[in-house]
Chemist: 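The structure's right below; bear with me while I get my questions together.
To find a chain, count down the sequence lines: A is the first, B the second, and so on, and within it residues start at 1.
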Amino acid sequence: MGTKGCLPSVVTYTSLIHGLCLSNDLDEAIGLFEEMKEKGIVANLYTYSSLMDGLCKGGRCSQAMELLEIMTTEHLQPNTVTYSSLINGLCKEQRLSEAVELLDRMKLRGFKHAGLYGKIITGFCVAQKFQEAANFLDEMVFGRISPNRLTWGLHVRINNTVVRGLCETDPNRSFQLYLSMRTRGISVEAETFDFLIDSFCKKGDLHKAARIVEEMVLDGCIPNETTWSTVLRGFWDRKKVREAAELIQVELVKKSIESH
DNA sequence: TTAGGGTTAG
């Protein structure tokens with residue numbers, strides 16, 4: 001290009017760096033990044049975002065974070081694209097506190113992004129930290145951050161995962177989230193119902209378990225045999241309930257004989 | 001001019 005009097009610009013370098021990142025030639029990409037600096041060509045937001053995304057995808061988040069510091073010293077403001085790459089990478093490496101920190105920075109600048117909340121919440125679920133995951137779901141509700149047509153499916157899955165995860169450690173909060181899902185129109189998966197019912201049976205809160213079975217059926221989910229037997233066993237273990245059930249049965253038999 | 005990610009039935 002040079003011999004033809006057509007010198008590479010920042011766009012030329014950015015395109016090349018992007019391409020090298022796509023083929024995971026990260027060291028070469030960094031090499032070009034250095035080279036353009038030496039030539040006095042100033043990297044812009046696109047250049048940084050490309051290289052940082054490549055580094056994150058290649059499991060080199062720390063280097064990407066260094067670039068974040070460098071770009072701010074050059075008075076370049078990261079935007080949603082930049083943060084998105086970083087948060088994705090940090091979550092993949094289970095560096096959740098750093099991911100949360102970046103999300104906070106985005107919030108300060110007014111970026112609301114349901115997809116990135118999703119990444120972080122999924123990260124907490126993978127780490128079995130369901131309370132934290134639920135906190136972020138609450139935050140989404142309070143902040144009116146709702147998923148769009150494309151992220152909706154992911155959001156449904158995340159809510160279900162968190163409810164199931166909470167069943168183990170905090171059934172009451174799990175139930176609270178379950179209720180909030182219903183009011184927000186987020187469909188509860190059959191397996192999630194099973195988790196809730198099982199957890200309340202174990203806790204001995206049979207009324208709640210029965211209520212959930214009822215709502216499950218109303219939603220058109222047919223409880224499977226395991227769920228039925230879990231609930232029945234729960235009731236059965238209580239002697240008084242059994243006696244009452246037997247009385248009702250006697251009544252029913254009497255009535256059916258009378259009506260015939 | 002150059003950067004990411006997110007859905008799904010047919």
Chemist: Taking side chain to side chain contact (heavy atoms under 4.5 Å, CB included) as the test, write out the residues that go with Thr227(A), two or more places apart.
Modeler: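 Counting only residues at least two positions away or on another chain, Thr227(A) forms a side chain to side chain contact (heavy atoms under 4.5 Å, CB included) with Asp194(A), Ile197(A), Pro223(A), Asn224(A).
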Chemist: Salt bridge (charged side-chain N to carboxylate O under 4.0 Å, His left out) with Asp25(A): which residues, sequence neighbours excluded?
Modeler: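 Scan of Asp25(A) (salt bridge (charged side-chain N to carboxylate O under 4.0 Å, His left out), adjacent residues dropped) gives none.
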Chemist: With sequence neighbours excluded, tell me which residues meet side chain to side chain contact (heavy atoms under 4.5 Å, CB included) with Glu191(A).
Modeler: Arg164(A), Phe195(A)
Chemist: Give the first and the last nucleotide of DNA chain B, reading 5' to 3', that has any atom under 4.0 Å from a heavy atom of chain A.
Modeler: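 Footprint of chain A along DNA chain B, 5' to 3': dT1(B) to dT7(B).
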Chemist: Can you sort out which residues in residues 48-61 of chain A have a heavy atom within less than 4.0 Å of DNA chain B? Ascending by number, please.
Modeler: Ser49(A), Ser50(A), Asp53(A), Lys57(A)
Chemist: Just checking Asn44(A): base, sugar-phosphate only, or nothing, at a heavy-atom cut-off of under 4.0 Å?
Modeler: base
Chemist: Please collect all ring-ring contact (aromatic ring centres under 6.0 Å, His included) contacts where either partner lies in residues 42-86 of chain A, sequence neighbours excluded, each pair once.
Modeler: Phe33(A)-Tyr48(A)
Chemist: Please determine if Arg173(A) and Asp138(A) form a salt bridge, counting it only when a charged side-chain N lies under 4.0 Å from a carboxylate O.
Modeler: yes
Chemist: Please identify each residue that fulfils side chain to side chain contact (heavy atoms under 4.5 Å, CB included) with Leu96(A), with sequence neighbours left out.
Modeler: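 For Leu96(A) the side chain to side chain contact (heavy atoms under 4.5 Å, CB included) partners, ignoring immediate neighbours, are Cys91(A), Gln94(A), Phe124(A), Ala127(A).
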Chemist: Under 4.0 angstrom, heavy atoms only, what part of the nucleic acid is His113(A) near: base, sugar-phosphate, or nothing?
Modeler: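 Base contact.
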Chemist: Can you give me every donor-acceptor pair (side chain of residues 55-62 of chain A, partner residue at least two apart or in another chain, under 3.5 Å) with its distance?
Modeler:
residue	atom	partner	partner atom	Å
Lys57(A)	NZ	Asp53(A)	OD2	2.8
Arg60(A)	NE	Gln63(A)	OE1	2.7
Arg60(A)	NH1	Asp27(A)	OD1	3.4
Arg60(A)	NH2	Asp27(A)	OD1	3.1
Arg60(A)	NH2	Gln63(A)	OE1	3.0
Ser62(A)	OG	Arg95(A)	NH1	3.0

Chemist: Partners of Arg157(A) by side-chain hydrogen bond (donor to acceptor under 3.5 Å, both in side chains), sequence neighbours excluded?
Modeler: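 For Arg157(A), no residue satisfies side-chain hydrogen bond (donor to acceptor under 3.5 Å, both in side chains) once neighbours in sequence are set aside.
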Chemist: Would you classify Ser84(A) as touching base, sugar-phosphate or nothing, given that sugar-phosphate means primed atoms plus P, OP1 and OP2, and contacts are heavy atoms under 4.0 Å?
Modeler: base
